[in-house]
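Below, all heavy atoms of this structure are taken into account, side chains as well, without hydrogens, waters or symmetry copies.
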Amino acid sequence: MRGRSRDRFLLTAARSGRSARLAARLENAGELTAADVSAAAAAGDTVALELIREGGQRLGQVIAGLVSFFNPGLVVIGGVTGLGPTLLASVRTQVSRQSLPLATRNLPIVLDELGPTAGVIGAARLISDHVFSPA
């Protein structure tokens, strides 16, 4: 599902009562966020789980192309707090389906462990590498 159709699917599911948890959150807050979908999925909401799986498939398609082109030794997915295990399983499945077996045989695909500070830590690391490089 693309951005707007996904949003429409989410709102339709919430308003139609297919997802009682998302409907309640939409009624209380007036909008739905990724955190709301994550909480609903953690509570076993099938609509929320379907959205996360679909997102994982889409992300996996993109990562599969990158894996085929760059052949990395590690893929780290960040910024998906709360969506992790369900999303990761979907991404891994899609990458293994679409990439060459040699590229994915020993390829770890993991979630970041730094959380919201990852960007700042990465920027600091780049700066320190540049400042202290021998050249």
Using only atom types and a distance under 3.5 Å, with no angle test, would you say the side chain of Thr117 pairs donor to acceptor with the backbone of Leu114?
yes

Can you give me the closest heavy-atom contact between Gln94 and Gln57, atom names plus distance?
CG-O, 3.4 Å

What are the two closest non-hydrogen atoms of Ala89 and Thr93, and how far apart are they?
O-OG1, 2.9 Å

Quick check: does any side chain N or O of Thr86 sit under 3.5 Å from a backbone N or O of Leu83, one acting as donor and the other as acceptor?
no

Side-chain heavy atoms nearer than 4.5 Å, only ILVMFWY residues, links allowed to pass through others: does that put Leu100 and Phe69 together?
no

4.5 Å side-chain heavy-atom contact, Ile77 and Asp112
no

Side chain to side chain, Arg15 and Glu27, heavy atoms closer than 4.5 Å:
no

Rounded to the nearest 0.5 Å, what separation is found between the CD1 atom of Ile52 and the CG atom of Leu59?
12.5 Å

Closer than 3.5 angstrom, by distance alone: can the side chain of Ser128 be matched with the main-chain N or O of Arg125 as a donor-acceptor pair?
yes

ILVMFWY cluster, Leu51 and Leu111 together (side-chain gap under 4.5 Å):
yes

Whether the side chain of Ser19 engages the backbone of Leu22 through a donor-acceptor N/O pair (distance < 3.5 Å, no angle test) should be reported.
yes

Answer yes or no: are there more than 12 heavy-atom neighbours, outside Asn28 itself, under 6.0 Å from its atom CG?
yes

Would you say Val37 and Asp45 make side-chain contact, with heavy atoms under 4.5 Å?
no

Ser90 side chain near Leu87 side chain, heavy-atom distance below 4.5 Å
no

Might you point out which heavy atoms bring Gly73 and Pro108 nearest each other, and give the distance in Å?
O-CD, 3.2 Å

Any chance you could measure Arg21, atom CZ, to Leu32, atom CG, to the nearest 0.5 Å?
12.0 Å

Arg58/Arg53 under side-chain contact (heavy atoms from CB on, under 4.5 Å): CA gap, chis, key distance, verdict:
CA-CA 9 Å; Arg58 301 288 181 185; Arg53 284 187 192 108; over 6 Å; no

Which of Leu74, Thr104, Val67, Leu88 passes side-chain contact (heavy atoms from CB on, under 4.5 Å) with Ile109? It is Leu88

Under the 3.5 angstrom rule, does the side chain of Ser99 hit a backbone N or O of Val95 as a donor-acceptor pair?
yes

Closer than 3.5 angstrom, by distance alone: can the side chain of Ser133 be matched with the main-chain N or O of His130 as a donor-acceptor pair?
yes

